[in-house]
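As structure tokens, the structure follows; a few thoughts come after it.
Note that the numbering runs from 1 along the sequence shown for the chain. Counting convention: from 1, in listed order, for ligands and their atoms alike.
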Amino acid sequence: MNSWNEGYFTDSTYTYGYYRELSPNFLRWCLTLKGFAVPESSDDDCHCELGIGQGVSANIHAASSTGKFFGTDFNPAHAANAQELAAASGADAKFFEDSFEEFAERDDLPKFDTISFHGIWSWISNENRQHMLNIVRRHLKSGGIVYNSYNCLPGWAPAAPLRELLKLHDSYHVGGGIDNRVKAALNFVEEMIAAKPAYAEKVPSFAQSFDGLKKHDTHYIAHEYFNDNWILPYFKDVVEMFAANKLDFAMTALPVETFAKVGLSDDAWAFLEKIDEPILREQIRDYFINRQFRKDLFVRGARRISVTEAYEKILGTRYVLTKPAADVPLKITTSVAEVNLTEEIYRPLLEFLQEDNFRPKPFTEYLRRHPEKKPQELVEAATFLVDANQILPCQNDAVVKRVKKSCDKLNAYLCERSKYREEISFLASPLTGMGVAVNRVKQIYLALSKAGEKSAERLAAAVWDIMSRQGTRLVFEGKKLESPEENLKLLTTEAETFLSKELPVFKALQL
Ligand SMILES: C[S@@+](CC[C@H](N)C(=O)[O-])C[C@H]1O[C@@H](n2cnc3c(N)ncnc32)[C@H](O)[C@@H]1O
């Protein structure tokens with residue numbers, strides 16, 4: 001039990017996730033798409049993340065963006081990990097062990113271009129939310145951006161009693177390690193649902209939410225469900241708190257929602273279109289899509305640019321594929337809905353992006369080759385493909401050059417660390433200013449191939465050597481592979497795919 005935790009669950013450390021919504025390059029791209037004025041990145045930029053957790057996102061962004069990075073997390077183990085990563089990259093980053101209250105009182109902080117917080121707002125006390133707003137009020141530049149994500153109503157309404165149950169069970173069964181506590185609470189709810197409570201019968205999504213929850217990691221479940229504080233605001237409540245601190249709601253960090261109709265039926269869209277007031281429309285949209293989690297972008301003094309200017313900027317941005325063109329499905333899963341891409345429009349565009357070894361290219365280059373294409377169609381293509389993470393917007397060459405060294409150092413450190421620990425499955429791309437998912441085995445392959453190794457068999461043997469010494473085994477289709485032959489066979493197949501498909505993309509992303 002800790003006394004510094006202000007009701008936040010700190011009996012275990014948080015997971016090592018990565019979130020691109022915390023990337024300054026991604027945030028700027030989203031706002032430009034929606035027609036907001038955003039300053040170009042520069043060496044004078046200052047960015048801040050509050051509640052950095054293990055600091056994976058914060059460090060990837062500190063290494064791959066220009067300017068200075070600041071962040072804080074009151075959990076000393078989190079702050080220590082973040083500081084270790086920063087020392088490895090050599091990026092201009094300062095990560096503190098301050099609580100939000102302490103951070104708000106610092107007088108050695110600059111004015112920030114972006115202040116981001118992911119997965120915090122719903123799980124802290126009112127006082128702490130106010131401390132975060134004080135930081136924003138005091139330290140955000142005019143025109144600065146704030147990103148905030150949180151659990152919301154109405155989507156959470158049916159499953160809110162599930163959280164109450166888990167927390168209730170835990171509060172009566174003190175003791176044991178975190179795994180036991182989570183498992184005991186899950187077993188309790190499982191048995192309870194089997195006994196058919198009327199609530200579960202009346203609200204079928206209750207049991208469905210529980211089934212979804214069981215698949216998560218115990219540390220994630222503990223952080224999500226075992227906190228003292230847990231609020232479920234409506235969007236409008238959050239907008240009001242931010243407005244009182246001079247922040248205008250701009251958009252969600254979900255690019256497809258720029259095309260307002262995506263994910264909605266014709267009836268729903270016809271209803272929403274009649275609502276002139278944007279905040280009301282956004283709130284009602286949450287009912288139509290039954291939204292449980294919001295990713296909101298606010299701007300201090302939002303300024304509009306013209307549609308033509310926004311289109312020119314979006315089409316003038318370079319894009320890079322995140323996989324070979326042939327592997328991009330024509331039915332893509334965006335953050336809101338599945339979207340069917342038109343083959344005649346998308347295949348040639350994806351093949352264009354693959355040309356010259358995946359060289360990043362602006363869509364204006366494609367338009368010059370195909371003057372018959374409509375700019376709006378290409379803006380839409382960029383939106384769907386970026387949303388579904390099939391392509392990513394790139395930083396300009398001068399920025400890439402400046403951040404390359406810190407990314408190389410961070411990536412080398414992460415690949416080396418992955419030999420011993422399966423924790424961080426992301427590397428930093430200087431090209432995009434974002435993280436790229438690269439699992440432990442692929443990180444080791446990448447490090448070896450950078451050192452000149454080209455044979456799939458030797459890559460597999462090197463990984464197997466590490467795994468067998470540590471007593472770890474691969475799992476294939478849910479089954480643990482026990483014999484060396486089975487493990488080596490799977491590793492060799494993975495190494496072949498790595499060399500033929502992933503390595504060319506990783507090279508393009510400058511990993
Ligand atoms: C759910 S985690 C999210 C971490 C990270 N943003 C991510 O998404 O991976 C919330 C983090 O906020 C930190 N935190 C909670 N309350 C805090 C406070 N009052 N001051 C500083 N950090 C806090 C916790 O230690 C934890 O690492």
For Phe226, does the six-membered ring have the charged nitrogen or CZ of Arg181 within the cation-pi criterion, i.e. under 6.0 angstrom from the centroid and within 45° of the normal?
no
Distance under 6.0 Å and angle within 45° of ring axis: Arg294 vs Phe235:
yes
With a 6.0 Å cut-off on ring centres, are Phe249 and Phe242 close enough?
no
Within the 6.0 Å centroid threshold, strictly below: Phe206 and Tyr199:
yes
Check ligand 1 against the protein and report each N/O to N/O distance under 3.5 Å, formatted as atom name, atom name, distance.
{"unit_1": "ligand 1", "atom_1": "6 (N)", "unit_2": "Gly51", "atom_2": "O", "d": "2.8"}
{"unit_1": "ligand 1", "atom_1": "6 (N)", "unit_2": "His118", "atom_2": "O", "d": "2.9"}
{"unit_1": "ligand 1", "atom_1": "8 (O)", "unit_2": "His118", "atom_2": "O", "d": "3.4"}
{"unit_1": "ligand 1", "atom_1": "19 (N)", "unit_2": "Asn128", "atom_2": "OD1", "d": "3.4"}
{"unit_1": "ligand 1", "atom_1": "20 (N)", "unit_2": "Phe100", "atom_2": "N", "d": "3.0"}
{"unit_1": "ligand 1", "atom_1": "22 (N)", "unit_2": "Phe74", "atom_2": "N", "d": "3.3"}
{"unit_1": "ligand 1", "atom_1": "25 (O)", "unit_2": "Asp73", "atom_2": "OD1", "d": "2.6"}
{"unit_1": "ligand 1", "atom_1": "27 (O)", "unit_2": "Asp73", "atom_2": "OD1", "d": "3.4"}
{"unit_1": "ligand 1", "atom_1": "27 (O)", "unit_2": "Asp73", "atom_2": "OD2", "d": "2.6"}
{"unit_1": "ligand 1", "atom_1": "27 (O)", "unit_2": "His78", "atom_2": "ND1", "d": "2.9"}

Classify the ring geometry of Trp156 against Trp230: parallel below 30°, tilted from 30° to 60°, perpendicular beyond 60°.
perpendicular
What residue pairs, at least two apart or across chains, pass salt bridge (Lys or Arg N to Asp or Glu O under 4.0 Å) with a residue in residues 49-63?
none
